[in-house]
K.L.:
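Just dropping this structure here.
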Amino acid sequence: MPFAVVIARHGGPEVLERREVQACHAGGGEVRVRVTHVALNHLDTWVRRGVIGHDFGLPRIPGSDVAGVIDTPAGPRSVVLHPSWGCSTCAACLAGHQNRCASFKLRGENTDGGLRSELVVPAWQCLPLPAHLQPAEAVALPLTLLTAWHMLASRARLQRGERVLVQAGASGVGVMAIQIALLYGCEVHATARTPERRERLRELGATPWEYEQVGVRGGLRDVDVVCESVGEATWEASVKALKWGGRLVICGATSGAVAQINLRVLFFKQLDLLGSTMGTASDLAAAWREVIDGRIRPIVHAVLPLEQLAAGHAMLESRSVFGKVVIELPQADA
Ligand SMILES: [Zn+2]
């Protein structure tokens with residue numbers, strides 16, 4: 001019997017409930033995906049806990065990053081799924097800005113996700129599994145890769161040789177942003193809280209910094225682009241670290257969403273403050289080519305069986321992971 005993990009009410013890990021569900025059937029232009037792996041994102045913990053003032057439309061099946069197997073005339077094929085899409089008919093979608101669509105969908109947030117034994121998706125949402133990656137690795141990529149690519153390539157319009165700071169470099173978005181900035185030939189700096197994680201950042205190719213060293217005399221300053229996802233706790237330092245004419249691009253506010261800025265600094269230094277959320281189909285297409293060619297790689301912290309889903313959420317919430325936590329689903333035919 002097909003199953004799904006359902007969040008019927010907000011709360012602790014105990015609200016992640018496994019239920020039997022109806023079998024899926026693919027219609028025209030659709031494929032049925034037998035799900036093998038789902039990567040966790042902070043979004044999963046927010047859907048579970050609830051966010052004040054935001055309606056997730058419970059009950060909701062979580063899971064934005066999905067890998068699985070589809071049947072094709074040539075036999076079974078492993079795929080990874082697009083995490084988001086627009087209505088494809090509005091002016092924003094037609095201009096290629098799916099993430100500005102009023103009907104924008106993010107799998108596992110405002111439409112049911114992939115933490116289930118099977119699901120049906122439009123065939124175009126299937127990305128090919130790169131030959132050199134396992135499904136448990138590739139599944140770690142789509143959402144954070146898309147987010148980071150849109151931030152740096154599309155919003156900040158990164159230029160070769162620029163000086164980039166990635167705040168929270170060890171996060172899912174952070175490890176992608178570092179790789180993208182290196183790909184652009186940038187000088188990459190990144191922050192992390194512990195010496196162990198800073199060493200991992202160095203191995204990735206970034207110059208590691210403690211948070212307290214950013215934007216201060218003798219620390220890291222004169223940065224062209226800051227990649228922000230921490231928000232309240234790092235905002236002031238991020239602004240101080242920017243050089244004149246610098247750009248700050250932000251996709252999240254994990255520490256809190258209310259920040260101040262000195263407007264004289266904003267206009268004297270001629271700063272650009274750029275908001276960014278998710279990304280477009282063309283962003284993911286461009287980024288996936290780099291994955292296929294092996295120039296961007298997934299960073300997987302742990303692969304856990306479905307029975308340890310609650311432990312996976314706890315790992316994310318403890319902020320002790322480097323890269324992604326992946327959940328492996330039981331296979332009915334195995
Ligand atoms: Zn649209």
Side-chain angles (χ1 to χ4, degrees), residues 7 24-33 35 38-39 41-44 46-47 51 53-68 70 79-116 119-128 139 141-158 172-173 176-177 180 227-229 247 249-253 257 272-291:
I7 297 171
C24 301
H25 301 284
E30 294 179 329
V31 289
R32 187 174 75 99
V33 183
V35 180
V38 173
N41 290 284
H42 280 286
L43 173 64
D44 296 82
W46 299 332
V47 175
V51 174
H54 189 85
D55 181 8
F56 287 103
L58 303 188
R60 177 66 69 224
I61 300 171
S64 308
D65 282 323
V66 182
I70 61 172
V79 295
V80 178
L81 300 184
H82 267 260
S84 61
W85 57 93
C87 73
S88 79
T89 57
C90 74
C93 284
L94 291 173
H97 299 298
Q98 291 86 7
N99 54 346
R100 297 180 191 175
C101 173
S103 305
F104 183 68
K105 296 282 188 251
L106 172 54
R107 198 187 305 286
E109 188 204 18
N110 53 7
T111 185
D112 276 335
L115 203 51
R116 57 203 297 180
L119 81 164
V120 165
V121 301
W124 71 263
Q125 289 184 3
C126 297
L127 294 158
V139 75
L141 289 164
L143 194 146
T144 51
L145 173 63
L146 174 63
T147 301
W149 190 275
H150 188 68
M151 290 175 86
L152 294 179
S154 299
R155 296 293 282 149
R157 297 177 184 276
L158 211 54
V173 169
M176 286 301 128
I180 293 164
C227 180
E228 253 289 351
S229 59
R247 291 103 77 202
V249 60
I250 179 163
C251 73
D272 284 339
L273 303 180
L274 304 164
S276 187
T277 194
M278 299 303 297
T280 69
S282 67
D283 285 324
L284 193 52
W288 205 252
R289 280 197 291 277
E290 305 298 340
V291 173

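Note that this is a predicted model, so its numbers are computed, not measured. One-based numbering, in listed order, for ligands and for the atoms of each.
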K.L.:
Identify, with sequence neighbours excluded, every residue that meets ring pair (Phe, Tyr, Trp, His ring centres under 6.0 Å) alongside H97.
P.N.:
none
K.L.:
Starting from the C-alpha separation in whole Å, work towards a yes-or-no answer on side-chain contact (heavy atoms from CB on, under 4.5 Å) for I7 and D44.
P.N.:
CA-CA 10 Å; I7 297 171; D44 296 82; over 6 Å; no
K.L.:
Taking the Zn ion (ligand 1) as the center, what protein N, O or S atoms are found at less than 2.8 Å?
P.N.:
C87 SG, C90 SG, C93 SG, C101 SG
K.L.:
Is there a side-chain contact between D283 and T280 in this structure, where contact means two heavy atoms from C-beta onward sitting under 4.5 Å apart?
P.N.:
yes
K.L.:
Start with the C-alpha gap between R107 and V121, add the side-chain angles, then the distance that decides, and say whether side-chain contact (heavy atoms from CB on, under 4.5 Å) holds.
P.N.:
CA-CA 11 Å; R107 198 187 305 286; V121 301; 3.6 Å; yes
K.L.:
Are V38 and V139 side-chain neighbours, meaning at least one heavy-atom pair lies under 4.5 Å?
P.N.:
no
K.L.:
Are side-chain heavy atoms of L81 and L119 found at a separation under 4.5 Å?
P.N.:
yes
